[in-house]
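We use all heavy atoms of the structure for the numbers below, so side chains are in, but hydrogens, waters and symmetry mates are not.
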Amino acid sequence: MPASVYGLLHSHDKKSQPVRFALAMIFCAFPPILTGWANPITIAGLWFPGFAWAGLLATLIILAALASKIDLPFKILAIIMLTIFGALSYRSPAAIKLTGHMTHEDYSSGGLDGHEYERLQSAANLVAADRAVIHVFPEGYAGLWGRGSEIFWLDMMDQADPHALVVMGAFSPLPHGGYENIAVVLDRGRAQLIKQRMPVPLGMWKPWSAASVPATFFRGSTVDTSKGRIAVLNCYEIVVVWTVLDTMIDHPSVLLGIGNVWWGRGTNIGLIQSEILTAWGRLYNVPTALSLNE
């Protein structure tokens, strides 16, 4: 899909090609179009680590310039030099122990049934054993979220490690049917919910259907906690440039990602999400952690 956008805006007019290429990148950055995957702007994290918004703008200008009639050897040299500059200028963000737990579960059944309780117990054991500052569990890991499950999770996590912050995905039932895809942040006896802004188009977000998972493109994904400002990108949000930029406006101190890619086993979807999240963390100099159910 991204290739189709670049193809439509491509021109043999070398003078207008840089502008066309920049427009294609900008167009692909916004939901709900299915062209958000593999946007080249994410290379900003490799070329300009820690430069944040200035690095993003510089990358947009450079990529547009590389689409011009500059001779190929000079383009290759520019890319090499930028990559070397990025490697030499990178400085690791403030050290904090983050653990993104990878699982291989089939949790299609709803409610706090036997399987969900087993996952709750497993999560408590992992939190107690690892002693990380922040633990992250995948999209949908907690199942259907309500007052009962909130009490269970808060109690179990408090017993496992009262000082740890735990983030996991869940589904919040809606009054008239359907559900919202959410991330739950458990911190010092309190649960904060972060609603997903951009569910997968066609698969989850179907505005013509009553069963659609609702989308809100301009809704914050950052919460204040005892461990700083925590931002969570929920699955498809990781690969859409707009949702990342909308998140970074809030200046989070930690950037977390959760996903559920069991349907893509044998593909590189999980690796793509990991690389993209890492790139954004490098650009804005914030620590990252990713948890996937594979």
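Judged purely by atom type and a 3.5 angstrom limit, Asp71 has no side-chain atom pairing as donor or acceptor with the backbone of Pro73. For Arg282 (side chain) and Gly45 (main-chain N/O), a donor-acceptor pair under 3.5 Å exists by modelled atom type. Side chain of Ser122 to main chain of Glu118: no donor-acceptor pair is present (N/O by atom type, distance under 3.5 Å, no hydrogens or angles). Side chain of Glu237 to backbone of Asn234: a donor-acceptor contact under 3.5 angstrom is found. Side-chain atoms of Tyr141 come within 3.5 Å of backbone N or O of Arg119 as a donor-acceptor pair. The backbone N or O of His163 sits less than 3.5 Å from a side-chain atom of Asp161, completing a donor-acceptor pair. In this structure, Lys195 contributes its side chain and Ser221 its backbone to no donor-acceptor pair below 3.5 Å.
Thr99 places none of its side-chain heavy atoms less than 4.5 Å from the side chain of Ile134. Side-chain contact between Ile84 and Ile80: present, with at least one pair of heavy atoms (C-beta onward) separated by less than 4.5 Å. Considering only heavy atoms from C-beta on, Leu186 comes within 4.5 Å of Val184 through its side chain. Side chains of Glu275 and Leu271 form a contact here, defined as non-hydrogen atoms less than 4.5 Å apart.
The aromatic rings of Trp145 and Trp153 sit tilted relative to each other, their planes meeting at an angle between 30° and 60°.
Taking a 6.0 Å sphere around CE of Met102, one finds it holds more than 12 heavy atoms contributed by other residues, nucleotides or ligands.
A donor-acceptor contact closer than 3.5 angstrom is absent between the side chains of Asn260 and Glu139. Side-chain contact, Thr247 with Arg197: a donor N or O sits under 3.5 Å from an acceptor N or O. For Asp187 and Gln192, the side-chain atoms include no donor-acceptor pair closer than 3.5 Å.
Residues Leu144 and Pro173 come closest through the heavy atom pair CD2-CG, 4.1 Å. Residues His135 and Ala164 approach most closely at CD2-CB, 4.0 Å, considering heavy atoms. Shown here for Ala160 and Ala124, the closest heavy-atom pair between the two residues is CB-O, 3.3 Å. Summarising the geometry of Leu66 relative to Ala78, their closest heavy-atom pair is CD2-CB, 4.3 Å, with the distance given to 0.1 Å. Across every non-hydrogen atom of Gln121 and Met156, the tightest pair is OE1-CE, 3.2 Å. Shown here for Leu98 and Pro287, the closest heavy-atom pair between the two residues is CD1-CB, 3.8 Å.
Taken to the nearest 0.5 Å, the CD1 atom of Ile194 stands 7.0 Å off from the OG1 atom of Thr222.
Remark: of the listed residues Val241, Ile276, Val239, Val241 is the sole one forming a side chain to side chain contact (heavy atoms under 4.5 Å, CB included) with Asn39. Here the rule is ring-ring contact (aromatic ring centres under 6.0 Å, His included) with Tyr284, and of Trp53, Phe51, Phe48 only Trp53 fits it.
Residues Trp280 and Met198 share a hydrophobic cluster, clusters being chains of Ile/Leu/Val/Met/Phe/Trp/Tyr side chains in contact below 4.5 Å.
The pair Asp158-Arg188 does not count as a salt bridge, with every side-chain nitrogen at least 4.0 angstrom from each carboxylate oxygen.
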